[in-house]
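Encoded as structure tokens, the structure appears first; notes follow it.
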Amino acid sequence: MALIAVEGAVKRYGSTLALDGVTLEVEAGACVALVGESGSGKTTLLRSINRLTELDRGRVVVRGEPVDSMDAVELRRSIGYVQQDGGLIPHWTCLDNASLVPALLGLGDPEEHGRDAIRAAGLDPAVFAERYPRELSGGQRQRVAIARAMAAGPDILLMDEPFGALDAITRNQARTTFTALRESLGVTAILVTHDMAEALEVATRIAVMRAGRIVLEAPAGQLLGEATGYAAELLDKSGVGP
Amino acid sequence: MTVARIRGAIAAAWAAGALAAPSLAAQDDAAGAVDSRTPIVVASKPFAESYLLAEAFAQLLEASGYAVDRRPGLGMTELALGALIRGDIDVYPEYTGTGLAAVLGESAAGGSAAVFRRVSEEFEARWGVRWLPPLGFENTYAIAMRRDVADSLDVRTLSGLAAVAQDLAGGFSPDFIGRADGLDGLAAAYGIRFRESRSLLQAVKYQALAEDAVDVIDAYSTDGAISRYDLALLADDRNFFPPYDAAPLVSRKLYADRPGAVLVLTRLAGRIDEEAVQRANERIEVDAAPIPVAARELLADVGMIDAPGDEARSPSASRRTRSTVAALPGYMWTNRADLGRQFGRHLLLVLASLGAAILVALPAGVVLERRRSLAEGTIRLSGLLQTIPGIALLAFMIPLFGIGVAPAVVALFLYSLLPILRNTYTGIIEAAPDAVAAGRALGMTEVQLLGRVRLPLAAPVIMAGVRTAAVINVGTATLAAFIGAGGLGDPIVAGLTLSDPVMILSGAVPSAVLALFVDWGLARAEVAVAPKGVAEGRR
């Protein structure tokens with residue numbers, strides 16, 4: 001059974017159909033990239049998984065349980081989340097930020113969890129724990145954001161353009177760190193990106209979205225061979241075409 | 001003179017019973033209607049003679065054992081009368097002609113007795129307030145010119161003025177300009193058209209005339225300044241102005257429940273003649289004697305109390321011998337008890353209104369952030385409140401809350417809402433929206449987001465709103481004196497009507513210092529509440 005299953009998801013914003021009957025299954029341990037242009041519905045799909053967006057029709061099942069029967073706050077605390085700009089709380093230290101979810105869950109010694117997570121994200125807690133977000137570089141901030149998402153040891157991680165705001169070199173380092181971390185912890189991840197090259201590098205499966213639908217879904221390794229039409233166009237735009 | 005005789009007759013009839021009564025406060029007590037310790041609220045309108053007469057009423061009541069609460073300088077006729085009708089005040093000096101023309105909107109038919117009868121009947125029928133018998137003098141509006149100018153133009157009467165008015169500039173008190181028995185009626189009755197006419201405060205009118213800035217002013221016939229500046233009063237040859245007999249106007253409540261106090265006031269009937277009141281006005285306006293001193297002298301002068309001691313008449317009691325700036329510290333020290341009380345009242349007005357505004361606007365700002373469709377309209381509405389001039393907003397409160405502290409606090413509260421509401425709303429919206437989104441996605445509840453992320457980040461912005469509101473309030477609260485709320489506006493208003501710069505400054509300087517201190521203190525508070533880690537916290 002899939003760890004995450006989206007079944008016939010429909011979401012409408014006014015006259016815009018953001019999700020037009022999307023079905024997607026994500027196996028435990030996979031890293032699925034949702035790829036598409038702005039307005040293709042990929043972020044809406046991602047946010048429906050932890051109920052930041054409520055679907056009009058269809059349903060999302062996580063760990064065998066429909067999410068709309070779960071408490072939204074509890075559900076979100078059990079799932080890691082990283083957004084493009086990091087979204088660190090500016091008047092909290094890095095350690096306070098990283099310890100947030102363990103503290104919300106009432107785990108013993110949340111700061112210990114936070115420190116471990118900062119270390120796992122590739123930063124030295126002795127140097128960074130007491131710093132404020134504004135004292136960090138963009139890449140360091142994004143690492144703290146990943147540490148915050150992973151600190152309570154969730155089995156699922158949702159990421160919305162997590163490397164989008166970083167420069168090329170920093171982005172490569174962050175991707176490498178992320179992949180190593182994900183594999184070592186066995187986390188199931190769903191990643192939203194508009195960059196096909198990034199999807200090919202970090203994801204195990206790729207779902208190409210357009211106008212609220214998934215137009216192609218394939219293992220990352222086979223995508224280059226299978227892509228036709230719009231998917232091939234996207235590959236071309238990202239400079240990784242056949 | 002017939003008019004005087006009629007007036008004397010009314011007064012004598014009224015006073016007949018009063019003179020026999022020994023302890024009147026005790027009499028009220030015995031009547032069981034009111035506790036004699038309940039203060040009688042004595043008010044005045046904001047000009048020297050009204051202050052003087054009200055103070056005389058107050059001293060006479062105190063001499064008979066009554067407790068008195070003084071509310072001098074209430075805005076204008078509508079305001080003082082409104083307060084009397086509602087029972088917020090018990091008595092203030094009024095003039096029959098003002099009652100007839102300005103309040104009832106009627107023109108004079110008959111002499112003093114007829115006018116007194118008319119206003120007595122009509123005021124009682126309409127509002128239950130009572131005119132006590134006239135004090136014995138008239139203080140009519142008079143049109144005044146410099147004697148040399150009047151002589152050179154050969155103007156002696158208002159009809160004569162009409163012939164030359166097109167070359168003259170007039171300066172009139174705002175009250176006079178707006179009244180039926182004022183400028184408009186005068187212009188219609190005599191066909192007077194001035195080259196220009198401007199609005200001048202009572203305090204500067206005489207000065208402006210003396211310095212040739214204007215040629216014609218409205219005066220009160222008993223003003224001390226008329227003799228000081230040796231002015232020519234033009235005869236009202238068509239009897240346009242009604243008789244203005246001064247009399248105590250008392251509330252329904254005082255009249256019904258405290259006959260003893262009413263009798264005390266009635267004792268003044270027919271006792272104060274034109275010469276006596278003019279002397280007292282001169283003492284205030286020319287010698288700059290303090291009003292309580294002038295009032296005591298007046299009462300002694302007309303034989304109502306024993307003559308005051310010599311020290312009160314000594315020149316050192318005079319205000320005008322001092323230079324303004326040098327005299328201020330000494331004046332403030334001498335009046336420290338009054339000023340301290342006024343300062344305390346001022347602070348109370350500001351703190352009560354500001355505290356209430358914080359309690360309302362801060363939660364409202366938080367709620368509006370969750371109901372953004374309502375926010376625009378609500379903030380615009382509270383902005384509309386701020387466009388109402390301070391004195392007008394205070395006046396609007398009177399029908400709802402009467403006079404005194406309550407309406408002033410409500411008005412200042414309304415003024416404070418906008419800055420706090422707007423800053424709370426925008427402060428919360430602009431508080432790190434990315435961090436709020438991420439916190440929500442990771443399972444923070446809305447309450448946790450508000451308490452731990454949004455409010456701490458918005459705190460400096462909210463505090464800036466509180467600071468704006470506080471500084472506005474300290475300034476606006478000086479206007480509260482016009483509606484009897486006290487505070488540092490009291491010496492400012494009284495000083496303006498008495499042309500006493502030292503008295504004005506004794507209220508203006510402390511309120512300016514208070515505004516600066518509040519601004520400085522809350523600026524520090526803004527920095528102090530800024531959370532660590534964000535730029536504001538590092539200044």
Side-chain angles (χ1 to χ4, degrees), chain A residues 43 46-47 49-53 70-106 130-136 141-142 144-152 154 157-160 162 165, chain B residues 362 365-366 369-373 376 423-466 523-539:
Chain A
T43 295
L46 184 83
R47 291 166 61 89
I49 293 166
N50 67 351
R51 288 187 60 187
L52 288 171
T53 298
M70 300 164 73
D71 178 74
V73 167
E74 274 178 37
L75 172 72
R76 288 173 198 158
R77 288 175 185 177
S78 73
I79 295 176
Y81 192 92
V82 179
Q83 64 193 39
Q84 175 164 1
D85 41 58
L88 295 180
I89 296 169
H91 60 298
W92 290 10
T93 62
C94 292
L95 183 59
D96 290 339
N97 270 288
S99 315
L100 170 65
V101 184
L104 290 174
L105 289 170
E130 296 309 318
R131 291 203 187 165
Y132 288 100
R134 64 188 290 273
E135 299 168 318
L136 270 54
R141 275 204 285 272
Q142 208 58 9
V144 175
I146 291 171
R148 179 173 66 176
M150 301 296 295
L157 180 61
L158 306 178
M159 304 174 91
D160 189 358
Chain B
L362 206 140
V366 171
E369 191 278 321
R370 319 262 324 149
R371 301 255 183 290
R372 293 199 190 181
S373 55
E376 205 48 43
N423 280 34
T424 303
Y425 176 73
T426 54
I428 289 178
I429 282 186
E430 286 167 9
D434 301 338
V436 171
R440 188 178 290 126
L442 287 166
M444 290 181 86
T445 63
E446 292 305 315
V447 173
Q448 287 169 333
L449 284 169
L450 189 68
R452 296 171 63 187
V453 181
R454 313 182 92 177
L455 281 178
L457 288 173
V461 183
I462 296 171
M463 192 54 86
V466 171
R524 304 264 312 216
E526 247 175 75
V527 175
V529 298
K532 270 188 174 176
V534 294
E536 284 79 1
R538 300 182 168 266
R539 267 193 225 133

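Each chain gets a letter, A, B and so on, in the order the sequences are listed, and its residues count up from 1.
- Scanning all heavy atoms of the two residues, the minimum distance from Gln83(A) to Asp434(B) falls at NE2-O, 2.8 Å.
- Counting all heavy atoms, side chain and backbone alike, Arg76(A) lies closest to Arg440(B) at CD-O, 3.3 Å.
- If you tally non-hydrogen atom pairs under 4.5 Å between each of Arg47(A), Arg148(A), Glu74(A) and chain B, the highest count goes to Arg148(A).
- Under the 3.5 Å distance criterion, the side-chain polar atoms of His91(A) are matched with a main-chain donor or acceptor of Arg452(B).
- Of the two parts of Val73(A), the backbone and the side chain both hold a non-hydrogen atom closer than 4.5 Å to a non-hydrogen atom of chain B.
- Around CD of Glu446(B), the count of heavy atoms belonging to other residues, nucleotides or ligands within 6.0 Å exceeds 12.
- Across all non-hydrogen atoms, the minimal contact from Ala435(B) to Leu88(A) is CB-O, 3.4 Å.
- The shortest heavy-atom contact between Met444(B) and Ile89(A) is SD-CD1, 4.2 Å.
- The nearest pair of heavy atoms linking Ala438(B) to Gly87(A) is CB-O, 3.4 Å.
- Within the 4.5 angstrom heavy-atom criterion, only side-chain atoms of Ala432(B), from C-beta onward, approach chain A.
- Heavy-atom minimum distance, Leu442(B) versus Ile79(A): CD2-O, 4.3 Å.
- Within 6.0 Å of CZ in Arg371(B) there are 12 or fewer heavy atoms belonging to other residues, nucleotides or ligands.
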